[in-house]
Every structure is written in structure tokens, then in C-alpha cells.
Amino acid sequence: MGGTSSKLPKDLLSEYQELTFLTKQEILLAHKIFSELQGGENGPYSSRVSMQKILTLPELKANPFRKRLCHVFSTSDMKDGSLNFEDFLDLLSAFSDTATLEIKSHYAFRIFDFDDDGTLDARDLEKLVNCLTGETDDTRLTAEEMRQLISNILEESDIDKDGTVNLSEFQHVISRSPDFVSSFKIVL
Amino acid sequence: RSLQLEERKPSQQIAQRRVRKRRRLRKVRRRVRKSREEEERKQHVQRRRLSSSSDDNSEDESMSEGEMARLKEEVEEKKKLIATLRNKPWRMKRRLKCLKEAQAFVEKFEGALGKGKGRRLYAFKVMMTKKIIKFNRDFENFKTACIPWESRIKEVESHFGSSVASYFIFLRWMYGLNLVLFGFVFGLVVIPEVLMGMPYGSLARKTVPREEQDSAMDFSVLFEFGGYCKYSIMFYGYYNNQRSIGLLQFRLPLSYLLVGVGIFGYSLMVVIRTMARNANEGGDGAEEGTFTFCWKLFTSWDYLIGNPETADNKFASTTTSFKESIVDEQENLKDENIHLRRFLRILANLLILCCLGGSGYLIYYVVKRSQGFAKKDRNELTWLQKNEVEIVMSLLGLVCPPLFEVIAELEDYHPRIALKWQLARIFALFLGNLYTFLFALFDEVNSKLENEKEIKNATIWALKEYYTNYTLYNNVTENIPPPNISPADVIRGPCWETEVGIEFVKLTVSDIQVTYLTILIGDFLRAVIVRFLNYCWCWDLEAGFPSYAEFDISGNVLGLIFNQGMIWMGAFYAPGLVGINVLRLLSSMYYQCWAVMACNVPHERVFKASRSNNFYMGLLLLVLFLSLMPVIYSIMTLPPSFDCGPFSGKDKMYDVIMETIEKDLPPFMADIFSYASNPGLIIPAVLLMVLAIYYLNAVSKAYQNANLDLKRKMQMQRDEEKNRRNNKDSTNQVMKDLEDLMPNKSLIPPPSAEETEIPADQLRKSPKVTGKPGAAATGKGVHVQKDVSLAAANPRAPVTRPPGPRPPGPLPGNARGPPPGQGMGRGRGGPPPRR
């Protein structure tokens with residue numbers, strides 16, 4: 001086992017409360033869960049938790065976007081999707097109940113942008129649809145349906161008709177949706 | 001400090017006066033600054049303010065007015081930055097750094113701004129503000145920790161998704177509302193009567209009559225809320241009409257009336273506040289059909305799902321909904337037989353109207369029959385006959401909704417529209433039933449009032465007879481002592497309010513029983529049968545016919561809303577009803593959570609009735625108004641019973657208020673009230689409100705129009721951009737005309753050369769923007785035509801330098817001055833090539 005269960009220092013706690021949308025209990029709970037994830041790691045006490053360990057969390061296990069979540073919120077230089085505690089807090093804050101629409105839509109855009117190029121083009125949308133329709137073949141859409149679907153989506157949301165959805169168009173669509181804020185939530 | 005100053009300055013009069021004036025000004029400035037800072041202070045890291053201030057002592061003299069103001073502004077800015085840091089989508093490390101910098105800056109210069117005398121007081125105030133902020137934050141945390149049943153709801157959410165969980169959240173909210181109402185009623189009406197009023201058995205209204213005393217303890221009687229139950233604090237009739245009771249001179253009748261009306265006021269306030277909060281969160285502008293595909297793609301995944309089985313279900317339903325929408329789009333073009341459709345729809349509506357009418361009549365008939373039964377002896381009636389009304393109402397509530405669904409097959413609507421129709425019809429059914437019940441009850445009340453007149457006459461007559469006899473036998477005409485009859489033997493009036501209260505309580509209790517039984521049989525038993533019979537049955541019970549039940553969200557929510565409506569109606573006549581409801585909601589929470597986890601499966605087809613939160617709140621509001629009306633009507637028009645309840649002896653119930661105004665309040669208040677209730681004042685007030693509504697409506701329409709205008713403008717700009725990028729030829733007629741007016745058309749620079757060279761040395765700060773070659777070139781193209789074009793700079797590129805066809809000269813923010821027109825990595829911000 002790595003280190004003992006370290007307590008979060010008080011001034012850090014108050015700063016985290018200032019900087020995120022989480023309450024004190026939520027931050028402490030996150031710290032506890034994160035320490036447990038770290039505790040199982042072989043080797044010395046490392047401040048980053050690998051992606052595989054993060055994906056064992058029950059809240060993320062069934063999520064089709066779990067890998068993207070780790071990649072988006074990770075600040076590691078090796079781009080391996082590992083998260084340290086502050087990244088973890090960032091994740092929880094963006095998905096918390098009180099986070100604003102701007103933050104949520106910003107991160108949603110980055111999650112959906114599979115190739116990290118700043119826009120959602122047809123390839124990104126296709127990957128997105130495949131994520132949502134499951135792994136097995138009989139639940140996937142045929143190529144014809146996929147093409148039709150993507151053209152419908154671009155017709156609805158692409159205002160400047162350049163074939164991709166950029167951040168402001170995405171936010172425009174999302175801000176009208178009544179379900180987005182309530183479904184874009186993760187609670188530990 | 002003052003000595004120091006006087007030593008330093010010349011000892012002349014003028015200089016001394018100057019010094020004093022400066023000191024005064026400084027004090028004033030300090031006070032103003034202090035009050036402003038205290039208003040906007042945020043929590044800082046612990047530091048000694050005094051040590052920092054002592055460093056800047058010497059600077060105080062040298063800072064001028066303008067510098068102070070600028071410093072103040074910067075401090076304010078930093079504070080604002082601290083407050084909005086959590087909104088910025090940066091990484092935590094960057095935010096932490098920014099926070100620390102900002103806090104350090106504020107600490108350092110705030111110390112400089114507040115000095116001199118009163119330093120200790122200032123420090124004390126700073127400390128108090130910090131403590132208050134900390135206390136507020138702790139209180140918020142504590143409030144969040146106090147919310148009950150979080151873990152239970154979270155479990156339901158992870159298995160069933162957020163739509164099922166929204167029912168439980170609604171249930172919890174209702175529980176909170178009822179708890180507050182219970183607090184009002186209990187604290188302000190029941191407790192005073194119990195503690196300070198007359199005990200049981202002392203008055204006629206508080207005692208079981210002699211003829212009923214044998215059966216008063218029987219379970220069957222108690223179960224029907226007769227016997228000891230009827231003459232207890234649960235019902236209206238127990239309360240005494242004494243004007244003020246106890247040491248504190250608590251005015252019970254006034255309190256009863258105000259609490260009865262205050263229940264509605266509080267509920268109204270809470271419902272509207274919740275509706276406003278929901279409206280802020282949810283999207284408002286877009287109609288149903290504008291973004292269907294986008295929303296399905298971007299918002300359909302529910303991140304709260306943690307169960308793999310549920311996730312699989314969700315995948316399947318998402319796929320189905322995609323396929324359906326794709327097919328829908330194509331089917332919209334199909335041509336159908338409109339006339340047949342219309343005929344079928346009219347037929348269906350007629351059938352449903354017949355059903356509704358039939359159920360209303362059935363209830364009326366049954367209530368009339370129960371009045372007939374009430375005249376007979378209780379022992380002769382069967383249980384069925386005694387509880388006929390409640391059974392019929394509950395059965396109608398169970399049977400009719402599926403019937404409506406079957407009839408709705410004729411109509412062939414889109415599922416979402418069909419759901420709306422279904423909800424509207426169930427609502428009409430419940431409403432019709434409730435109001436028919438009320439009308440039948442009202443008839444009964446009238447007949448009781450007639451009855452009461454006779455009994456009243458009989459009592460007066462009996463009293464007169466007693467006095468005459470007394471005078472005859474004892475030859476005394478004055479100071480005759482009141483008749484010495486035990487309270488149990490006094491002739492009683494029929495007390496219609498208690499009867500109404502009993503009816504409502506019985507209705508609520510039977511509603512509870514039916515709901516729990518339905519869950520037990522419909523969900524639990526069904527699940528048990530499907531599970532265990534599946535081993536020895538021909539077809540697969542789990543996948544085929546009965547299968548497990550799905551949680552009926554809308555049915556349950558409507559049931560909850562109507563239950564609350566009945567509580568609101570009955571609370572005035574039966575103060576104990578609110579307590580019963582609190583217990584019911586509490587047990588319902590645990591029972592339904594268990595039932596949902598044990599017997600239900602997640603929905604196969606999940607199409608969310610969007611904006612459903614405010615839809616149900618709107619229904620609740622409607623039900624609130626509908627239940628307010630009968631109560632207010634009875635308060636205003638019906639005379640209270642002469643011998644039971646807190647208003648006995650008065651002509652109308654609201655006379656208690658008139659009495660209070662006359663006797664307890666100072667005389668000018670009575671004048672004010674009489675002026676305020678003058679129709680000459682009320683009618684103009686109503687007219688004013690109508691005008692205000694009209695005005696607000698017009699303003700909102702104007703905003704909508706402005707919105708559309710802006711959207712159109714945005715579209716036009718983007719079209720212009722696109723066109724300029726592609727063929728440099730404006731397709732917009734307005735633009736074409738404007739271009740024709742330009743003196744020298746050659747101001748539009750040739751795009752080709754720059755387009756190819758600019759992308760090579762792009763230095764973009766934000767990783768989000770793509771290296772689109774068009775952007776840079778348009779940047780150049782745009783700012784040349786900046787004076788005439790409505791199109792602003794391409795919104796995708798970061799605007800770090802102001803584009804502008806300014807005359808040659810240093811641009812603000814451009815440190816390099818007028819550079820040559822190329823070689824700048826951003827392709828923008830340089831002045832146009834000079835001619």
C-alpha cells in the first residue's frame with residue numbers, strides 16, 4: 001500500500017471550495033475515493049492515477065465516453081489519460097449539480113471532439129453516434145442511415161455551413177435544450 | 001501620528017489647516033472605502049493585515065487621489081475575478097495560480113488603502129466579515145448535508161435514469177412542503193388549543209354524546225373516524241370559539257382562519273418560486289422540432305447511469321429513436337387519408353367525453369346513495385355500502401386511464417403528442433371526479449344547514465322551558481343559574497364542517513390504501529409470478545406478455561398532485577389531515593423506493609417529455625387554485641355551525657377578522673381597511689394589473705422580435721463570410737448596393753497571394769481553432785472593408801489585435817507601430833497596403 005490516508009490540508013480545501021462548484025463534503029468524499037484508488041497502486045506513492053484505475057469507478061464504468069473523459073480532463077504530459085487529484089476535482093466540478101451551462105457545454109464539446117481539432121466534423125459525429133448505439137453490430141446504424149443522420153444534424157446546427165460544428169454553434173444548440181443540464185451530471 | 005505630522009509641516013496657520021483638512025478628507029475616504037470593501041469581501045488566506053499596512057505607512061502621503069482611485073478599481077477587478085474563477089474552463093493548476101496572485105494583490109493593496117486611526121476597529125471589522133463568510137459557507141454545506149434520502153435517490157438514478165428519479169425528487173419536495181404546512185397548523189392551531197384551551201369533556205362540543213358513548217371505542221367506528229376520533233383535535237368541531245385563551249391571550253379563532261388561508265399563500269409562494277427556478281435552468285426559446293437530431297445526439301446520454309444493464313437499455317433505445325426519427329423525417333412527406341383520420345379522432349374524443357360524463361354521474365349517484373345510507377342504522381349496512389363512495393372513486397381512477405389509452409389507439413398520433421393527450425384526459429378525469437364529489441358534498445351541507453335550524457330552535461326552546469320551570473318552582477326571576485346538564489347530554493347540531501372534514505379524511509385514507517395495494521399487487525405480485533412461474537410456463541414470461549412492470553412516472557406524479565389538492569381542500573376542516581399526509585409521504589418514499597428497485601425494469605422507450613418539470617409544477621399550481629376556490633367560497637358564504645368550531649355563533653366565518661380589527665387594532669386601522677375594501681379602489685387596482693399584464697406581454701413580444709432580428713443578422717454575417725471566402729462576390733443585395741457606392745472598387749485586395757503564405761506561419765494561441773487558411777485571408781479582407789461591412793471579424797480566430805483600416809500610425813495594443821503589411825504571423829492588425 002502506498003501512503004497512509006492523507007488528510008487534505010485546510011487551506012487547500014478552502015481554495016478548492018472557492019475554485020470549484022463542489023461543497024466541502026463533496027470535496028472530502030472525492031479525496032477519500034481518490035486516495036482509495038491511489039492506495040491500490042503498485043509502486044511508490046504517485047500523485048497520478050492511471051486511466052484503468054479511474055475507469056473502475058462505478059459511476060464511470062457504464063459510460064460510453066469514459067475514455068474521452070479521462071483524456072479531456074487529464075493534464076499529464078504523456079497523454080495517457082491519467083488524472084491527478086486536481087484533474088479529478090475538475091471533472092467532478094464540471095459535472096456537478098451547480099455548474100453553469102457554459103462550463104458544461106464547453107467540456108461536452110471537448111469530450112465529443114474525438115480528434116481534438118476544435119470542431120466536430122463528420123468523422124467525430126460518426127464516432128459519437130457509434131458510441132451511443134452500443135458495441136454490438138445489430139444495434140448499430142447502417143451506413144445509409146448514418147449518412148442521413150449526420151446530414152440532418154449538420155443541417156440543424158451548422159449555421160455557417162462549413163461542414164463542421166464549432167464551439168459557438170454547439171453552445172447555441174445546447175443552450176436551447178432543456179435536458180442537457182440535468183443529464184450532464186455525475187454524482188459520487 | 002498627529003505629532004509626527006505637525007513636526008514635519010511648517011508651523012504656520014495655513015499649513016496646519018491644510019493638514020487638518022487633509023486628515024478629515026482621508027477619514028471620509030477611508031470610511032467610504034471600508035463600507036464598500038466590506039460589502040464585497042471574499043474569503044482570504046489568513047494573513048496579518050497590520051504587518052502589511054505598516055510597510056505602506058510612508059506611501060500614504062505620496063499617493064494622489066487619481067492613483068488611489070485606480071488602485072481601488074484594480075482591487076475591485078481582482079475581487080470580481082476571484083468570484084468568477086470557477087466559471088472559467090481552465091485547468092486547476094492555472095486557476096490556483098491565478099487565485100493566489102489575485103489574493104496576494106488584494107491583500108497587499110487593501111492594507112494600503114485603509115490606515116490611520118481606527119485601525120483596530122478596521123481590523124476587527126475585517127475579521128468579523130471573514131467570520132461571517134465562513135459561517136455562511138458552513139451553513140450552506142450543512143444545509144446540503146441535511147437533505148434526506150440522497151443516497152437512495154442516487155441509487156434509483158443510476159439504475160433507472162434521471163426521469164424516474166425525478167419523480168422521487170418531486171416526492172421529496174412535496175414532503176418538505178407538507179412538513180412546513182404541518183408545522184404551521186400544529187404550532188399555531190393544535191398546540192394552543194391543547195395546552196391552553198378547555199380539556200376533553202368540559203364542553204358539549206368536545207364530548208362524545210351520550211347515545212354514542214357505548215360504541216365510541218369500537219375499532220370499526222374509529223376506523224370511520226367517528227367516536228372519539230370525531231371529537232378530537234383532528235376535526236374542526238373540537239375547537240372552542242372563545243375569543244382569547246390562556247395567559248398569553250392567544251386569539252384562537254383568528255389564528256385558525258389565518259392559518260387556513262396562510263396554507264394556500266405559502267404553497268402558492270413556494271410553487272411559483274420553484275417554477276421560476278426551473279424556468280431559468282431549462283431552455284426556453286426553441287420549439288419542439290428545431291433541434292431534434294442534435295439534441296438526441298448530444299443530450300440523450302444520461303451520465304448518472306451506472307448500471308451496465310441500464311446502459312444497454314439506453315443504447316437500444318437511443319438506436320431505436322435515431323432510426324425512428326430518420327424514418328419520421330421521410331414519412332412526413334407521405335400522404336394519408338386526412339378525412340378518415342379526422343373522423344376517427346372525433347369519434348375517439350366523443351367516446352372519451354362519454355366516459356368522463358359517465359364517471360361523473362356515477363360518483364354523484366353514489367354520494368347521494370351514501371346520504372340515504374347515513375340515515376339508516378350503521379349496523380345494518382355492509383362494509384361495501386359504508387365505503388361505496390371511496391371505492392368507486394378509486395376504481396374509476398384505476399380503470400379509466402388504461403381505457404383512455406386503448407381508445408387513443410384510434411387517433412394515431414405521434415407518441416409524444418399522444419402522451420400529452422393522455423395526461424390531459426387523466427387530469428380531466430380526476431378533476432371531474434373531485435368536483436362532482438364536492439358538489440354532492442355541498443348538497444349534503446345544505447341539507448345539514450336546514451337540519452341545524454330546527455335543532456337550534458329546539459335548543460332555544462328547551463332553554464326557555466328550563467328557565468320558565470325554574471321561575472315557577474323557585475319564584476325567582478333574576479340570576480337564574482345555567483342548566484346543570486352534563487356536556488354529553490346536550491342537544492347537538494349536525495356540525496357540517498366536521499362531516500366535510502371526515503369525508504376528506506376518509507377519501508385520503510382510501511386513496512393511500514388503494515395506491516399501496518396497487519403497488520403490492522400490480523408490481524410486486526406480478527414480478528413474483530413472472531419470476532417463479534417462468535420455470536414452468538410455455539412462453540417466456542419475462543420477455544413476452546406480462547413481463548416486469550415499468551415505473552409509471554406520469555400516473556404517479558398525477559396521483560401525487562391530486563392527493564395534494566385534496567389535502568389543501570380538506571386542511572381547513574380537518575387540521576389533522578396534514579399530519580396524516582406527512583406520514584403518508586414519508587412511508588411512500590421508502591415503500592416506493594423499495595418497490596421500484598425490486599419489481600420494476602427500466603423503460604424500453606425513453607422519450608422525455610421535455611420541460612416536464614415545469615409542466616408538473618404548472619399542474620400543481622392549477623390544482624392549488626382549484627382547491628382554493630371551494631374553501632374560500634365556504635368561508636365567505638356559508639354560515640358556520642352554531643355550536644361547534646371556532647367560529648360558532650357568528651354569522652360568517654370572516655366576521656372574526658372584522659371583530660379583531662374593531663377591538664384589537666387602533667381605530668385608524670379600521671378606517672384604512674374600510675377604505676381599502678371600497679369597490680372604488682379595488683376596481684382601478686384590478687384595471688391597473690390588467691394593463692401591467694398587457695404591457696409585459698407587449699415587451700416580451702418585442703424581445704422575441706429583437707431576438708429573431710439578431711439571429712438573422714448573425715446568419716447574414718456568416719453567409720457574407722462564406723461568400724467572401726469562396727467567390728469574393730456578395731450575394732446579399734444590400735451588400736451589393738453598398739459596394740456599388742464605394743468610390744474605388746479596387747479596395748478589395750486580391751486574395752490569392754496572401755492566402756497561400758499566411759497559413760505557413762500561423763501562431764494560434766488556442767488549440768481549439770483550426771488552421772483554416774480562409775480565416776487569415778478574410779481577416780485581411782474584412783478589415784479593409786470594415787467601414788462598410790456589417791460582418792465583424794471572423795469569430796473563430798482569436799482577436800488579439802484590433803483589425804482596422806486605420807491611417808498609418810501606431811495601433812493601440814500594437815507595440816511595433818506601423819509595420820510593413822506582411823510577415824506578421826497573424827495576418828491581421830497591420831494597416832492595409834498603402835497606396
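In what follows, chains carry the letters A, B, and so on, assigned in the order in which the sequence lines appear, proteins first and then strands, with residues in each chain numbered from 1. Since the model is a prediction, treat every value here as computed from it, not as a measurement.
- The greatest number of non-hydrogen atom pairs below 4.5 Å with chain B, out of L60(A), L57(A), T75(A), is found for T75(A).
- Closest approach of C131(A) and F315(B) over heavy atoms only: O-CE2, 3.6 Å.
- Of the charged side-chain nitrogens involved, at least one lies within less than 4.0 Å of a carboxylate oxygen, so that R137(B) and E18(A) count as a salt-bridged pair.
- With hydrogens and angles disregarded, a donor-acceptor distance shorter than 3.5 Å links the side chain of Q25(A) to the backbone of N141(B).
- The two residues E86(A) and K93(B) come nearest to each other via the heavy atoms OE1-N, 4.0 Å.
- Minimum heavy-atom separation, C294(B) to S157(A): SG-CB, 3.4 Å.
- With hydrogens and angles ignored, the 3.5 Å screen pairs a side-chain donor or acceptor of W295(B) with a backbone N or O of V173(A).
- Ranking V165(A), I186(A), N63(A), D113(A) against chain B, the residue ahead of the rest is N63(A), based on heavy-atom pairs under 4.5 Å.
- More than 12 heavy-atom neighbours from other residues, nucleotides or ligands sit within 6.0 angstrom of NZ on K88(B).
- Contact count versus chain B (heavy atoms, under 4.5 Å) is highest, among L149(A), L154(A), I174(A), for L149(A).
- Not less than 6.0 angstrom separates the ring centroid of F180(A) from the ring centroid of F298(B).
- Of the listed residues (T142(A), T23(A), L132(A)), the greatest number of heavy-atom pairs within a distance under 4.5 Å of chain B belongs to L132(A).
- Taking L85(B), T84(B), L297(B) one by one and counting their heavy-atom pairs under 4.5 Å with chain A, the maximum is reached by L297(B).
- Side chain to side chain, N87(B) and T100(A) meet the donor-acceptor criterion of an N or O pair below 3.5 Å.
- Taking 4.5 Å as the limit, some side-chain heavy atom of W301(B) sits within range of a side-chain heavy atom of P64(A).
- With hydrogens and angles disregarded, no donor-acceptor distance shorter than 3.5 Å links the side chain of R91(B) to the backbone of D90(A).
- With respect to E59(A) and K154(B), a salt bridge is recorded, a charged nitrogen being found less than 4.0 Å from a carboxylate O.
- For F95(A), the part lying near chain B is the side chain, with the backbone staying farther off; criterion is any non-hydrogen pair under 4.5 Å.
- Using a 4.5 Å cut-off between heavy atoms, L99(B) contacts chain A through its side chain alone, with no backbone atom that close.
- Using a 4.0 Å cut-off between a side-chain N of Lys or Arg and a carboxylate O of Asp or Glu, E140(B) and K24(A) do not qualify as a salt bridge.
- For K711(B), the part lying near chain A is the side chain, with the backbone staying farther off; criterion is any non-hydrogen pair under 4.5 Å.
- Only the backbone of S74(A) comes within less than 4.5 Å of a heavy atom in chain B; its side chain stays farther off.
- Taking A62(A), A108(A), S93(A), A99(A) one by one and counting their heavy-atom pairs under 4.5 Å with chain B, the maximum is reached by A62(A).
- Only the side chain of L120(A) comes within contact range of chain B, judged by heavy atoms closer than 4.5 Å.
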Q: Kindly determine whether F85(A) and M92(B) satisfy side-chain contact (heavy atoms from CB on, under 4.5 Å), including the steps that lead there.
A: CA-CA 10 Å; F85(A) 182 58; M92(B) 181 74 85; over 6 Å; no
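- Looking at F184(A), both its backbone and its side chain come within 4.5 Å of chain B, counting heavy atoms on both sides.
- Residues R95(B) and L19(A) share a closest heavy-atom pair of NH1-O, 2.7 Å.
- Of the atoms belonging to E26(A), not a single heavy atom falls under 4.5 Å from chain B.
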